[in-house]
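A short worksheet on the structure shown next.
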Amino acid sequence: MAERAPPLIVGAGPAGIRAAMTLVAAGLRPIVIDEGYACGGQIYRQPLSPDGRDAQARYGSEAAKATRLQRDFAALGAQVDYRPNTLLWNLRDASADSLRDGVSQRILHDGLILATGATDRVLPLPGWTLPGVFTLGGAQIALKAQGCAIGKRVVFAGSGPLLYLVAWQYMKAGVEVAAVLDAAPLSAKLHLLRALPLAPDIVLRGLRMAAELALHGTQVQLGVSGLRIEGEGRVARIVYQTGGRRHAIACDGIGYGLNLRSETQAADLAGCAFRFDPRDRAHLPVRDSSGRSSVAGVYLAGDGARIAGADAAELAGERAALALLEDRGLPHAPARAASLERRLVRIGRLRDALEAAFPFPAHWGADIADDTLLCRCEDISAGDARRAIGHFSLTDVNRLKAVTRIGMGRCQGRMCGAAAAELLAAQTGRDIGAVGRLRAQAPIKPIPLAMSLSVDERQHDPAH
Amino acid sequence: MPLLHRLVRTDSAVIFFTIDGVPCEGRAGDTVLTAVLCHTDRLRHSEFSGEPRAGFCQMGACQDCWVQLASGERLRACTTPLAEGMHIVTTRGRSHG
Ligand SMILES: Cc1cc2nc3c(=O)[nH]c(=O)nc-3n(C[C@H](O)[C@H](O)[C@H](O)COP(=O)(O)OP(=O)(O)OC[C@H]3O[C@@H](n4cnc5c(N)ncnc54)[C@H](O)[C@@H]3O)c2cc1C
Ligand code: FES
């Protein structure tokens, strides 16, 4: 009898690692692929080479979790077929196309766990393409993984828990943090009271960070709008409004972001059904409480399915793996599964409160000035988009994409997708959930052109 | 004027490379993005507007940081480790589009 193909896990962050451990404990040998050079995902990202800092210096309060997760994954050794530096770029029935060192390989799998994580969510600002402007995540990666600061006098702007976290990490690293410009008004922060009993440590840590920043001389400003970044060839200042007054702060680096967006392209190519999620203001792959998607044998875990943070990602990774085991007729620890689900529900409530405390400034979408670039890849402006929407009476983002190329560039809508949807909704007076969702296309990310033919795994098994 | 400022790894092994023909030193553990932006303030110019760009997300999502080598090869600077003898060109890519 032919042996069953191994399960495939995409992503070696908290969700993917816990999923892998669960499958290994049940006697399977999953394949784990990740674009990154080392395991850990976004939050527990590792440096390219040792840089003299220990886990405490790199991960702060999350050092113990980072160390445990990375150590647990390393301990699996050859029990997993781990392939770092490997991009999943296409999915078809029971096979996946991966790319490593310019070589494409087709992976046959039986069971697919997508743990693809998230990246920053942004809306365009005037000047957001200037050198020196990075996403909040990008600013954190520079510091955490590369040991570099994005400037000597920096400003962090936008929304989301990362806003204060990254600003605080920069301050601790000795960088002058001139200001934290928070889009949310004070009234939104009252939702933290709702979060407090659910996770006192997390809420109090956040408040302490804001207080320490203020004590250190950082200007912490709530309810900002009208952000614009100025400079000749690079960042020189950030301009914003509060209560109808304009202010400017000189700086040479800016970290900007509006919370996170799930990486859902793989789920899309896998054929998963999507549904609009009002909280995340995004179309997300449908899954049940176990992580099963609408497609048999495809499971979803972590921030790639819905933003819930690293702790939830670990739990969801394990839960999804148990579902895979159950569907394979293997022992699947039902009591453990139920306990994981209860904890996920609790974290979900915390997340709801955090989202309310750091709301997405959706109205910014309608206010984007016509001459602001919407698409960084091909320099297409908000005005170009608005004219196309009006001229062709567009109501769907995929039509907008076809007409203007917004969402068709190299980033495939990762940076402009939210803005295109908000702008379309505002101009046509539709609900944001009713303007459609950008369809993912293979390759999920740009791949070398020369590499178009896939090598079948059964004929070719390069050493890895 | 550099865009990034190194806080650690200041005494890691040196890796030699060039930016637009000018010899530069990077450090073991640098990505191409880090190495270039520790020397200058741009990675490339937009092929549409000619405006300078220096990456954005640093996590392989925005694709803003693709640079060209003198050989014509293109690579994503934020996810590619710096290698000895890379000849990076930041000035091309202004004309077509
Ligand atoms: C830059 C950044 C910094 C963050 N920092 C923090 C923080 O300090 N504290 C906090 O609480 N939360 C942070 N977060 C939130 C973070 O999303 C979660 O805390 C946590 O990392 C989610 O775990 P995960 O396993 O779901 O996904 P991730 O940790 O994001 O892991 C997903 C993995 O999948 C891989 N992947 C995705 N698509 C593909 C593909 N097509 N092919 C191959 N590999 C792929 C990625 O390389 C990545 O390693 C951060 C998020 C970002 C984007
Ligand atoms: S900086 Fe975004 S892909 Fe490199």
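Letters A, B, ... mirror the listed sequences (proteins, then strands); counts begin at 1.
Nearest heavy-atom pair across E47(B) and R410(A) is OE2-NH1, 3.2 Å. In terms of heavy atoms, L3(B) sits closest to G132(A) at CD2-N, 3.4 Å. When all heavy atoms of P446(A) and W66(B) are compared, the closest pair comes out as CB-CZ2, 4.0 Å. For A61(B) against T119(A), the heavy-atom pair with the smallest separation is CB-CG2, 3.8 Å. Nearest heavy atoms, P131(A) versus P52(B): CD-O, 3.6 Å. T135(A) and C57(B) get closest at one heavy-atom pair: OG1-CA, 3.5 Å.
Looking at R6(B) and Q146(A), their side chains never come closer than 4.5 Å, going by heavy atoms from C-beta outward. Residues F56(B) and V122(A) meet the side-chain proximity criterion, which asks for heavy atoms closer than 4.5 Å.
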Item to complete: Test H5(B) against I150(A) for side-chain contact (heavy atoms from CB on, under 4.5 Å), laying out the working first.
Response: CA-CA 7 Å; H5(B) 306 281; I150(A) 59 163; over 6 Å; no
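Only the side chain of C38(B) comes within less than 4.5 Å of a heavy atom of chain A; its backbone N, CA, C and O stay farther away. Proximity to chain A is limited to the side chain of L37(B), based on heavy atoms less than 4.5 angstrom apart. The part of L373(A) that comes within reach of chain B is its side chain, from C-beta onward, which places non-hydrogen atoms under 4.5 angstrom from that chain. Looking at D64(B), the atoms closer than 4.5 Å to chain A (heavy atoms on both sides) all sit in the side chain, from C-beta outward. Within the 4.5 angstrom heavy-atom criterion, only side-chain atoms of Q42(A), from C-beta onward, approach chain B. Heavy-atom distances place no part of L136(A) under 4.5 Å from chain B, backbone and side chain included. Heavy atoms closer than 4.5 Å to chain A are found in both the backbone and the side chain of T31(B).
To the nearest 0.5 Å, the span separating CD1 on I141(A) from CE on M59(B) amounts to 4.0 Å.
Between the side chain of R234(A) and the backbone N or O of M1(B) there is at least one donor-acceptor pair closer than 3.5 Å. Panel note: side chain D379(A), backbone S49(B); a donor-acceptor pair is recorded below 3.5 Å.
Counting heavy-atom pairs closer than 4.5 Å to chain B, the top residue among C411(A), G253(A), A149(A) is A149(A). Of all the listed residues (R414(A), E378(A), E35(A)), the one sharing the greatest number of non-hydrogen pairs under 4.5 Å with chain B is E378(A). Note: G151(A) leads G151(A), G174(A), A173(A), P47(A) in heavy-atom pairs under 4.5 Å with chain B.
Ion pairing of E51(B) with R376(A) is absent here, as no side-chain N (NZ or NE/NH1/NH2) approaches a carboxylate O to less than 4.0 Å.
The interface of residues 22-30 of chain B with chain A, defined by heavy-atom distances below 4.5 Å, comprises A28(B), G29(B), D30(B).
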